[in-house]
Amino acid sequence: MRILLRDESETERLGERLAGIARPGDVFLLEGPLGAGKSSLARAFIRALMGDARLPVPSPSFTLVQGYETPGGVMIWHYDLWRLDGPAALPELGWDEAQAGIVLVEWPERLGALAPPEAWRVRLFLAGAGREARISGDLRRLGDGG
């Protein structure tokens with residue numbers, strides 16, 4: 001599925017839409033170059049699941065992972081693997097346990113073979129003044145509102 005995102009608010013709406021279909025066990029791999037909107041999408045996704053549009057959602061660039069417990073008791077794990085050399089450190093970051101909740105991963109190429117084959121892939125690209133998102137996963141869950 002391809003979606004044109006004309007501005008930041010449309011990137012945020014995509015994050016909210018993905019949050020609306022997320023289930024425990026889902027992993028969302030957020031791919032794209034610097035400035036493509038991965039953090040903006042993740043922030044909107046987390047805020048939507050937490051039910052708090054003003055929730056501070058810092059980037060886990062230095063901590064590598066940040067956890068949030070939703071009002072319904074589901075854990076959301078937000079990984080930013082930019083500073084990770086490879087998958088060897090993932091066990092220390094709770095990777096296996098995190099997959100019982102909902103997981104967002106920025107810079108998923110650093111997961112190597114630990115990237116779940118059934119994960120959602122959200123590829124973000126700069127496209128003119130906006131962005132383009134290419135999404136793969138169980139698209140039936142997203143419906144027809146591309």
Side-chain angles (χ1 to χ4, degrees), residues 1-84 87 89-111 114-116 118-146:
M1 173 184 283
R2 295 175 102 154
I3 301 172
L4 180 61
L5 306 167
R6 292 179 290 230
D7 57 29
E8 188 79 11
S9 68
E10 289 190 1
T11 301
E12 291 168 355
R13 279 196 295 278
L14 176 59
E16 293 164 359
R17 185 174 172 198
L18 291 170
I21 58 99
R23 302 174 184 160
D26 281 344
V27 176
F28 293 83
L29 305 178
L30 309 180
E31 303 173 347
L34 285 170
K38 297 179 299 294
S39 294
S40 295
L41 188 142
R43 204 170 278 120
F45 183 107
I46 292 166
R47 287 176 175 156
L49 280 176
M50 294 297 291
D52 184 350
R54 295 194 175 141
L55 178 73
V57 179
S59 173
S61 294
F62 293 101
T63 60
L64 302 179
V65 63
Q66 181 70 40
Y68 303 86
E69 185 173 356
T70 69
V74 175
M75 287 301 297
I76 306 166
W77 297 100
H78 181 197
Y79 287 83
D80 183 330
L81 303 181
W82 172 252
R83 296 174 359 105
L84 197 70
L90 282 165
E92 292 178 37
L93 298 174
W95 177 249
D96 292 332
E97 297 83 6
Q99 292 177 71
I102 297 169
V103 181
L104 299 166
V105 182
E106 296 185 52
W107 305 103
E109 59 274 11
R110 288 174 171 79
L111 288 171
L114 294 179
E118 70 283 356
W120 289 82
R121 289 193 179 272
V122 181
R123 294 175 179 100
L124 296 165
F125 302 90
L126 299 172
R131 299 173 177 135
E132 179 181 315
R134 296 180 193 161
I135 303 170
S136 61
D138 185 358
L139 299 178
R140 297 168 297 184
R141 285 171 48 195
L142 274 174
D144 60 4

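Worth saying up front: this structure is predicted, and the values here are computed from it rather than measured. When reading the values below, keep in mind they use all heavy atoms of this one structure, side chains included, and skip hydrogens, waters and symmetry mates.
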| Run the side-chain contact (heavy atoms from CB on, under 4.5 Å) check on Leu30 and Val105 step by step: do they pass? | CA-CA 6 Å; Leu30 309 180; Val105 182; over 6 Å; no

| said: Evaluate Leu29 against Trp120 for side-chain contact (heavy atoms from CB on, under 4.5 Å), listing each step before the verdict. | reply: CA-CA 6 Å; Leu29 305 178; Trp120 289 82; over 6 Å; no

| Run the side-chain contact (heavy atoms from CB on, under 4.5 Å) check on Leu90 and Leu84 step by step: do they pass? | CA-CA 9 Å; Leu90 282 165; Leu84 197 70; 4.1 Å; yes

| said: Determine whether Tyr68 and Trp77 satisfy the following criterion, ring-ring contact (aromatic ring centres under 6.0 Å, His included), listing intermediate values before the conclusion. | reply: CA-CA 7 Å; Tyr68 303 86; Trp77 297 100; 8.7 Å; no

| task | Just do the side-chain contact (heavy atoms from CB on, under 4.5 Å) check on Val65 and Thr63 with the steps written out, would you? | result | CA-CA 6 Å; Val65 63; Thr63 60; 5.8 Å; no

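Under the 3.5 Å distance criterion, the side-chain polar atoms of Arg121 are left unmatched by any main-chain donor or acceptor of Ile135. Between the side chain of Tyr79 and the backbone N or O of Leu93 there is at least one donor-acceptor pair closer than 3.5 Å. Listed for the Arg110 side chain is no donor-acceptor partner under 3.5 Å among the backbone atoms of Pro87. Side-chain atoms of Lys38 come within 3.5 Å of backbone N or O of Pro33 as a donor-acceptor pair.
Taking a 6.0 Å sphere around CZ of Arg6, one finds it holds 12 or fewer heavy atoms contributed by other residues, nucleotides or ligands. Within 6.0 Å of CD on Glu92 lie no more than 12 heavy atoms contributed by other residues, nucleotides or ligands.
In this structure, Leu142 CG and Met1 CE are separated by 5.0 Å, a value rounded to the nearest 0.5 Å. Annotation: the span from Trp95 atom CH2 to Leu111 atom CG amounts to 4.5 Å, rounded to 0.5 Å. Rounding to the nearest 0.5 Å places CE of Met50 at 6.0 Å from CD1 of Ile76. Glu10 CD to Ile3 CD1: the interatomic distance, rounded to the nearest 0.5 Å, is 9.5 Å. How far CZ of Phe28 is from CD1 of Ile21: 4.5 Å, rounded to the nearest 0.5 Å. Taking CZ of Arg43 as the start and CG of Leu104 as the end, the distance is 11.5 Å to the nearest 0.5 Å.
Under the 3.5 Å distance criterion, with hydrogens and angles disregarded, a donor-acceptor pair is assigned to the side chains of Glu106 and Ser39.
For the side-chain contact (heavy atoms from CB on, under 4.5 Å) with Ile46, the lone residue among Leu41, Asp52, Leu55 that qualifies is Leu55.
Contact check on Arg23 versus Asp138 returns no salt bridge, with no Lys/Arg side-chain nitrogen under 4.0 Å from an Asp/Glu carboxylate oxygen. We find that Glu31 and Arg123 are joined by a salt bridge, their nearest charged nitrogen and carboxylate oxygen being less than 4.0 Å apart. Between Arg131 and Glu8, at least one side-chain N (NZ, or NE/NH1/NH2) sits under 4.0 Å from a carboxylate O, which counts as a salt bridge.
The two residues Ala36 and Leu126 make their nearest non-hydrogen contact at CA-CD2, 3.9 Å. Smallest separation of non-hydrogen atoms from Glu12 and Ala44: O-CB, 3.3 Å. Taking all atoms of both residues into account, the shortest heavy-atom contact from Val103 to Ala98 is CG2-O, 3.4 Å. Scanning both residues, Ser59 and Ser61, for their nearest heavy atoms gives OG-OG, 2.8 Å. The minimum heavy-atom distance linking Ala100 with Pro24 is given by the pair O-CB, 3.5 Å.
Contact check for Gln99 versus Val27: side-chain heavy atoms found under the 4.5 Å cut-off. A 4.5 Å side-chain heavy-atom check between Ile102 and Phe45 finds at least one atom pair inside the cut-off.
Ring geometry for Trp107 versus Trp82: interplanar angle of 30 to 60°, hence tilted.
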